[in-house]
Chemist: 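The structure's right below; bear with me while I get my questions together.
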Amino acid sequence: QVQLVESGGGVVQSGGSLTLSCVMSGRTSSVLTMAWFRQPPGLARLFVAAISRTTDNTWYADSEKGRFTISKDNAKNTVSLRLNNLQPDDTAVYYCAASRKITISTEYDFWGQGTQVTVSS
């Protein structure tokens, strides 16, 4: 099993920035891809970005390209998501996910509990 714990959420004004972090523990060697998803109030959970644990490949949802940056530190088993120029529409619970496959937006096996990001106008 793999456990994921997110941190870094909070309340920020429009135009501000946040960095979310996710620490992975357990059978980390089984994980090939890590990702961030978000779930706005009353809506479905959406893919944000993913990163390979074994290569330098990253993938982003089209709507987040240029504003969000995903990064990793394999030695610390962490993945981070830098959120820039945040807007009220970015308000959501952000979830970290891990997959035992090389994947982009589907087939994630493990999920964190989520961290709330609230952007005020």
Chemist: Considering only heavy atoms from C-beta outward, does the side chain of Thr33 approach that of Ile51 to under 4.5 Å?
Modeler: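 No, every pair of side-chain atoms sits at 4.5 Å or beyond.
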Chemist: By the disulfide bond (SG atoms under 2.5 Å apart) test, which pairs, at least two apart or in different chains, include something from residues 85-114?
Modeler: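 Sorted pair list: Cys22-Cys96.
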Chemist: Given side chains that start at C-beta, do those of Phe110 and Arg100 come closer than 4.5 Å, heavy atoms only?
Modeler: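 Yes, side chains in contact.
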Chemist: Who are the ring-ring contact (aromatic ring centres under 6.0 Å, His included) partners of Phe47, not counting sequence neighbours?
Modeler: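 Per chain and number, Phe47 pairs via ring-ring contact (aromatic ring centres under 6.0 Å, His included) with Phe37.
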Chemist: When you measure from the side chain of Ser99 to the backbone N and O of Glu107, does any donor-acceptor pair fall under 3.5 Å?
Modeler: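 Yes, Ser99 side chain to Glu107 backbone: donor-acceptor pair under 3.5 Å.
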Chemist: Test your reading of the model: is there a side-chain donor-acceptor pair from Arg53 to the backbone of Ser29, 3.5 Å cut-off?
Modeler: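 Between the backbone of Ser29 and the side chain of Arg53 there is no qualifying donor-acceptor contact (under 3.5 Å).
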Chemist: Does a side chain donor of either Asp73 or Thr78 reach within less than 3.5 Å of an acceptor in the other side chain?
Modeler: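 Not at all, the side chains of Asp73 and Thr78 share no donor-acceptor pair under 3.5 Å.
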Chemist: Assess the residue pair Val79 and Ile70 against the criterion (side chain to side chain contact (heavy atoms under 4.5 Å, CB included)); give the C-alpha distance rounded to whole Å, side-chain angles, the decisive distance to 0.1 Å, and a yes or no.
Modeler: CA-CA 7 Å; Val79 63; Ile70 191 169; 3.8 Å; yes
Chemist: Say whether, by atom type as modelled, one donor and one acceptor occur between the side chain of Ser17 and the main chain of Asn84 under 3.5 angstrom.
Modeler: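 Judged by distance alone, no pair lies under 3.5 Å.
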Chemist: Kindly indicate, with the supporting measurements, whether the criterion side chain to side chain contact (heavy atoms under 4.5 Å, CB included) is fulfilled by Met24 and Val31.
Modeler: CA-CA 10 Å; Met24 180 171 59; Val31 172; 3.6 Å; yes
Chemist: Show every side chain to side chain donor-acceptor pair (under 3.5 Å) that has at least one partner inside residues 7-16, sequence neighbours left out.
Modeler: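 Of all non-adjacent pairs touching residues 7-16, those that pass side chain to side chain donor-acceptor pair (under 3.5 Å) are Ser14-Gln87.
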Chemist: Holding to salt bridge (Lys or Arg N to Asp or Glu O under 4.0 Å), I want the full list of residues that pass it with Arg27, two or more places apart in sequence or in another chain.
Modeler: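 Counting only residues at least two positions away or on another chain, Arg27 forms no salt bridge (Lys or Arg N to Asp or Glu O under 4.0 Å).
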Chemist: Within the structure provided, determine whether Trp111 and Arg45 are in side-chain contact (heavy-atom separation under 4.5 Å).
Modeler: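 With C-beta onward as the side chain, the pair touches.
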Chemist: Tell me, which pairs form a ring pair (Phe, Tyr, Trp, His ring centres under 6.0 Å) where one or both residues lie in residues 50-73, sequence neighbours left out?
Modeler: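 Passing the test, one end in residues 50-73: no pairs.
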Chemist: Using the test salt bridge (Lys or Arg N to Asp or Glu O under 4.0 Å), find all partners of Arg82 that sit at least two apart in sequence or belong to another chain.
Modeler: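 Arg82: no salt bridge (Lys or Arg N to Asp or Glu O under 4.0 Å) contacts found.
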Chemist: If the condition is side-chain hydrogen bond (donor to acceptor under 3.5 Å, both in side chains), which residues does Ser25 pass it with, not counting sequence neighbours?
Modeler: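 Testing Ser25 for side-chain hydrogen bond (donor to acceptor under 3.5 Å, both in side chains), a comparison that skips the adjacent residues, returns Gln3.
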Chemist: What residues form a salt bridge (Lys or Arg N to Asp or Glu O under 4.0 Å) with Asp56, not counting sequence neighbours?
Modeler: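 Asp56 satisfies salt bridge (Lys or Arg N to Asp or Glu O under 4.0 Å) with no residue once adjacent residues are dropped.
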Chemist: Can you list every disulfide bond (SG atoms under 2.5 Å apart) pair that touches residues 28-94, not counting sequence neighbours?
Modeler: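 Applying disulfide bond (SG atoms under 2.5 Å apart) to every pair that reaches into residues 28-94, excluding sequence neighbours, yields nothing.
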Chemist: Is it the case that one hydrophobic cluster holds both Tyr95 and Val2, taking links as side-chain heavy atoms less than 4.5 Å apart, direct or via other members?
Modeler: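 No; Val2 is not reachable from Tyr95 via cluster members.
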Chemist: If you link I, L, V, M, F, W and Y whenever their side-chain heavy atoms are under 4.5 Å apart, who else ends up in the same group as Leu32?
Modeler: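 Reading the cluster by chain and number, Leu32 sits alongside Ile102.
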Chemist: For Arg67 and Asn85, indicate whether the former's side chain and the latter's backbone hold a donor-acceptor pair under 3.5 Å.
Modeler: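 Yes, Arg67 side chain to Asn85 backbone: donor-acceptor pair under 3.5 Å.
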Chemist: Could you tell me whether a side-chain N or O of Glu6 sits under 3.5 Å from a main-chain N or O of Gln113, the two making a donor and an acceptor?
Modeler: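 Indeed, once roles are kept as given, a pair shorter than 3.5 Å links the two residues.
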Chemist: Run the side-chain contact (heavy atoms from CB on, under 4.5 Å) test against Val117 and tell me which residues pass, sequence neighbours left out.
Modeler: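 Val117: side-chain contact (heavy atoms from CB on, under 4.5 Å) contacts with Leu18, Leu20, Leu83, Tyr94, Val119.
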Chemist: With sequence neighbours excluded, what pairs up with Thr54 under the side-chain hydrogen bond (donor to acceptor under 3.5 Å, both in side chains) test?
Modeler: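 Per chain and number, Thr54 pairs via side-chain hydrogen bond (donor to acceptor under 3.5 Å, both in side chains) with Ser52.
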